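Right, one structure below, let's go through it.
Remember, predicted model here, so these are calculated numbers, not experimental data. Chain naming here is simple, since letters A, B, ... match the order of the sequence lines and numbering starts at 1 in each.
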Amino acid sequence: MLQPILQTHGLTKKYKEFTALNNVSLTLRQGDIYGLVGRNGAGKTTFFKCVMGLAKPTGGTVAIDGKTSNLNAARRRMGFMINPSFFPYLDPRENLKYACHVKGIQTRGEVERLLKLVGLSDVKKPFKSFSMGMKQRLGIAGALLGSPPVVVLDEPINGLDPQGIADIRAVIKSAQEQTGATLIVSSHILSELDLVATRFGFIEQGVLLKEITHKDLHDHTKKSLIIEVNDAQKAAAVLQAGVGAAGTVTSDGRLILESHLNEPHQIARALINGGIELYDLHRQETTLEEYFMRLIGGGQDA
Amino acid sequence: MLKYIHGEIYRLLHKKSMYIYFSVLALGYFFLTLVRSSGLSTGAIVNDALNLFMILSVLTGGFLFSAVYTDDLNAKNLIMLVGFGMSKVKIVLSKFILMTLSSAVVWVLIPLYICFVHAVMGRPASAEIITTLYTSAMPHFLKIVAFAAVSGFVVYGSQRPTFSMVAFLLLILGVVSNLLTTAANLEFVNSIAPNFIDHLMSGIAPRILAGVMVGGSSWLLPLLEYVIYTAAALVLSMLAFLKKEMEF
């Protein structure tokens, strides 16, 4: 197994009464493109803030390269983008050169390489006149400056048009291929992360609900049985007791089974025998978004 | 720390508005002097400059404070620096060094420029006048640097550009000093801390100047007070920054 490059144990962050992060234990291994998925306000940015030392955790530990102390030295080997912001009067080249001076990066042609990578090499106007997409691109270039072994990108596709999203996806892939960097990328759009990430973590209300590999995610999103009954809670209990099938009740009163996909007749019989009124039972392929929403326990937008 | 200061110098040198601002000030002074030229004697250069220094401490100090400190807040650059693993103590110190350097450059150039303008108009300044100009400029430079250090507490404690700028302007315009002077005149304050006003920055800087003019070592004590004053402000800024989480 590859060495963990970033690990958190029981990471917790509270703002007075509000718990923004609750006992998050996450492992990022070398070479991963880790997709941190969660709705707006789920705790993704707070997690990154704690990792990058921008917010003090209330509890738990952060380990970078196995070290839990003197993290500032380890952070110098990381690149990050959280709410991309640069000096408004400097153009992209000057902003990156400034960052190079500060970070002590002397690699010749580094700024030009990154501007070309993010498609800003011909842009001469100052940062204040940038569109949202251009800001995001420059933010990513800033995070990749000096080819850091670990890169943190918070919502890199936020506010981008479909072409911009595709471009950023290509940039992330190419950065990983060119430098072998380990990336942790957050988004509330699972289907987009699905195209680049090798592992996923699902976060909701500050809790890391699940970590899963790309392959396992697709195994989970293959097929399921959708059951419509008069009482979904009771039906779930009946199926658990009768055929050992664990179902999930959705907010709209449906019951979803991920097992017994090839025995719908057994399921129907168990329900009827259990006194449940069965309205509909069909097999359905779950989309990534549906999987995500089911995981976070609601039908609200993701 | 040196890399950071190097980067900051690069940034300031690429700030186009700085060149425009100082060019406008320089041209403004040139034309003002040209208009008043016939009524000015060589000896009047000093009086003219002394009045100008009062205004320039606000105009140059305000601009430099904004360029050095509040630009960082507007650009959320502190987030980049702290996330990069730079120590907050080093950030506070580097900013102070940069503010001192940039103010020193400006306040070395100001008397030189005044002399240059008058020389162009046929009134070359004598060595004595140049010395007087630089000596008179010194308290303004010292005040700018010290007030920037004090305002650093607001910069790092609030991380809000408007609050920070207002704090600096209140100090450099003498509003805080006037309020404290009023307070110092109250009987009970006077009984607790007599000569309290002398130990404010508005009192310390002129005392250093007076000491330099008189000669000897009488400037040492106010200079020591100045160093303590500035160092205390820096320590408070560091503590405020260490305690405060980054504002997004």
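Residue B:A75 comes nearest to A:P88 through the heavy atom pair CB-CD, 4.3 Å, listed as atom of the first residue, atom of the second, then distance. What you find for B:L242 and A:K56 is that their closest heavy atoms are O-NZ, 3.7 Å. A pairwise comparison of heavy atoms in A:S85 and B:K76 identifies OG-CG, 3.6 Å as the closest pair. Between B:I79 and A:L54, the shortest heavy-atom contact is O-CD2, 3.5 Å.
Counted within 6.0 Å of OH on B:Y21, heavy atoms from surrounding residues, nucleotides or ligands total more than 12; the atom is thus considered enclosed. Around CD of A:Q205, the count of heavy atoms belonging to other residues, nucleotides or ligands within 6.0 Å does not exceed 12. Other residues, nucleotides and ligands contribute at most 12 non-hydrogen atoms within 6.0 Å of the NZ atom of B:K3. Atom CG of A:D122 is surrounded by 12 or fewer heavy atoms from other residues, nucleotides or ligands within 6.0 Å.
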(message) Would A:K103 and B:M80 count as a side chain to side chain contact (heavy atoms under 4.5 Å, CB included) here? Give the steps.
(response) CA-CA 10 Å; A:K103 294 181 178 182; B:M80 189 275 271; 4.1 Å; yes

(message) Between B:R11 and A:L90, is the side chain to side chain contact (heavy atoms under 4.5 Å, CB included) condition met? List the steps.
(response) CA-CA 8 Å; B:R11 171 176 74 82; A:L90 299 183; 4.2 Å; yes

(request) List the steps, then state whether side chain to side chain contact (heavy atoms under 4.5 Å, CB included) holds for B:N74 with A:F87. (result) CA-CA 8 Å; B:N74 286 320; A:F87 291 103; over 6 Å; no

(request) Could you walk me through whether A:V102 and B:Y10 pass the side chain to side chain contact (heavy atoms under 4.5 Å, CB included) test, one step at a time? (result) CA-CA 10 Å; A:V102 173; B:Y10 172 87; over 6 Å; no

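Interface residues of residues 142-153 of chain B toward chain A, defined by a heavy-atom distance below 4.5 Å: none. Contacts from residues 162-180 of chain B to chain A, taken as heavy-atom pairs separated by less than 4.5 Å, involve no residues at all.
A side-chain contact (heavy atoms from CB on, under 4.5 Å) with A:Y98 holds for exactly one of B:H14, B:E8, B:H6; it is B:E8.
If you measure heavy-atom distances from B:I5 to chain A, you find no contacts under 4.5 Å at all. At a 4.5 Å heavy-atom cutoff, the contact between B:F84 and chain A is made by backbone and side-chain atoms alike. Residue contact with chain B, scored on non-hydrogen atoms closer than 4.5 Å, is absent for A:K128. Looking at B:N77, the atoms closer than 4.5 Å to chain A (heavy atoms on both sides) all sit in the side chain, from C-beta outward. Using a 4.5 Å cut-off between heavy atoms, A:F80 touches chain B through its side chain atoms alone.
Among A:K97, A:R77, A:M78, A:M81, the residue making the largest number of heavy-atom pairs under 4.5 Å with chain B is A:K97. Residue with the most contacts toward chain A among B:D71, B:L2, B:D72: B:D71 (heavy-atom pairs, distance under 4.5 Å).
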